[in-house]
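I have placed the structure first, in the form of structure tokens, so that the comments after it can refer back to it.
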Protein chains: 2
Amino acid sequence: MNFPDLFDAFDAAVLPPGLPDAAVLRLRHDTVARELAAGEQLDLDPGRAFFAFLGVGACKLAAFVSSAREQIVSFHFAGDVVHVPAQGRYGYTLSALTDAQLLVIPADSLSRSGPDSCGMLRLASRETENALARSRETSIILGRRSAQERVASFILAIWDRLGAGSQDDGWIDLPMSRGEIADSLGLTIETVSRQFSELRDLGLIETEGRSALRVIDLPGLSRCAGQLPVAA
Amino acid sequence: MNFPDLFDAFDAAVLPPGLPDAAVLRLRHDTVARELAAGEQLDLDPGRAFFAFLGVGACKLAAFVSSAREQIVSFHFAGDVVHVPAQGRYGYTLSALTDAQLLVIPADSLSRSGPDSCGMLRLASRETENALARSRETSIILGRRSAQERVASFILAIWDRLGAGSQDDGWIDLPMSRGEIADSLGLTIETVSRQFSELRDLGLIETEGRSALRVIDLPGLSRCAGQLPVAA
DNA sequence: GCGCTGCCTTGATCTGGATCAATGCCCTGG
DNA sequence: CCAGGGCATTGATCCAGATCAAGGCAGCGC
């Protein structure tokens, strides 16, 4: 996929319809394509915020807490828009879990003044709001839930995201390691592994090798995740 | 404080300068003042997102996780703009810790279309981004840090927020209970209490009664807040 | 002032998940 | 096809923080 194709995908999937051509052209001008190999990290000016549109592959957004282990803020997949904040108390990095292709858009390019830029601003606002909602859910999971609930929630989230349009047989491939899962859930590798085993023994999921996963009993898994019906 | 005074304070502290009068007037029209007694919760349409400008008092934004304890997402003080999300997987409530006066602004009122509304959109975007940064820091604290680090971080944050323009003697009054602190840090009341005692025994803070607090050794407290068990 | 009610503190014990310590199993490169 | 390295699983032990259980202390109504 080259820049024009990536930008077209971005335009079709994310940009609101009816934007003035001039605004789209200026955005296109400010946007840069990047290709990352698995494990590689995106090198950006840490003093500025960015949005990244992930056309192909999977990524993680992580905060450097200290030289110890990192805290993974979120995982992202093809079609996602990722908000990469400027460095504040912590520095953030976006790195590829698999080979990935993405567009990098400076946040201030979306909010640049101009009578035609309202649509862009609305886009930025919406994406930031999405990121906020995800982040608050993460906080809730990290604050209040047991290891099993965390792992079950994680599997459900990945399943939602990757299992929906998946292959006939329902198997999905986890692009992240156990260590990365642990870093996103505030657990250790060993605990994550034990919980995978336990959910397997309970007959809720199947695993094969390091990364293949299948959900057998979705309602059962939801129950393990401690999810209440949204109505209250 | 009545509505005009509150709105003036909001205008002066938050609204970007140079907004067209028409936009400000429309915003003023969509905005409602509310007064809450300590402990009272703000009753809003759960299906819509809001911003709240807190003119006077202190509030907490909490998510209902289960019928058990809630997870407190953030604390807010006079002058803050709070982002109250629409109900998603979890429901959120804003409640007063002390008697409070606030303005309630529907989020979609800031993003309403119109050539004059860019400034409003930029405002919404900025406030959402602030909320996102805070939320991600919360995630990091909840994911990776010990009880002592959490409590020390909490005290530092409150101190930053309330201690700066404080009385001559440097004492501040915590508007929230130990239980609420615990709910925001993902700990229990007892653990929070023990950590307060320990930080006191270490000579880093002083306490008096239930809510009076003074920081004695700011660098020492920062050290307590930052260290990971196995840092290098 | 007196007792009541709710927080808060402190102590004792329990336990879920971290840590330490072996293996085991893919995956790659020769 | 084999060897080696890195991730994953599994088991044993430990410990930070939860839970259980008393008191203690401020604020309030009477």
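Just so you know, these numbers come straight off a predicted model, no measurement behind them. Here is how names work: the chains are called A, B, and so on, in the same order as the sequence lines, proteins then strands, and each is numbered from 1.
Sorted by first and then second residue, the salt bridge (charged side-chain N to carboxylate O under 4.0 Å, His left out) pairs with a member in residues 200-214 of chain A read A:Glu206-A:Arg214; sequence neighbours excluded. The list of salt bridge (charged side-chain N to carboxylate O under 4.0 Å, His left out) pairs with a residue in residues 91-102 of chain A, not counting sequence neighbours, is empty. Residue pairs that meet the side-chain hydrogen bond (donor to acceptor under 3.5 Å, both in side chains) test with at least one member in residues 2-14 of chain B, sequence neighbours left out, do not exist here. Judged as a side-chain hydrogen bond (donor to acceptor under 3.5 Å, both in side chains), the pairs with a partner in residues 80-90 of chain A (not counting sequence neighbours) are, in order, A:His76-A:Asp80, A:Asp80-A:Arg161, A:Arg89-B:Glu137.
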Enumerate, atom names and distances included, each donor-acceptor pair closer than 3.5 Å involving a side-chain atom of residues 36-44 of chain B, sequence neighbours excluded.
residue, atom, partner, partner atom, Å
B:Glu40, OE1, B:Ala37, N, 2.8

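Whole-Å rounding puts the B:Leu199 CG to C:dC8 P distance at 16 Å. Regarding B:Ile181, its CD1 atom lies at a distance of 12 Å from the C1' atom of C:dC7, rounded to whole Å. Counting to the nearest Å, the C1' atom of D:dA8 and the CE atom of A:Met176 are 16 Å from each other. Between A:Glu149 atom CD and C:dG17 atom P the separation is 9 Å, expressed in whole Å. The CZ atom of B:Arg144 sits 15 Å away from the P atom of C:dG17 (whole-angstrom rounding).
Over its full length, the helix from C:dG1-D:dC30 to C:dG30-D:dC1 turns its helical axis through 40°, comparing axes from the five pairs at each end and rounding to 10°.
A ring-ring contact (aromatic ring centres under 6.0 Å, His included) with A:Phe10 is found for exactly one of A:Phe51, A:Phe3, A:Phe53, namely A:Phe53.
Residues that satisfy the salt bridge (Lys or Arg N to Asp or Glu O under 4.0 Å) test with A:Arg48, not counting sequence neighbours, are A:Asp108. For the salt bridge (Lys or Arg N to Asp or Glu O under 4.0 Å) test, no residue two or more places apart in sequence or in another chain qualifies with B:Arg194.
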5' to 3', nucleotides 9-19 of chain D under a 4.0 Å protein heavy-atom cut-off (B base, S sugar-phosphate only, - none) gives BBBB----SSB
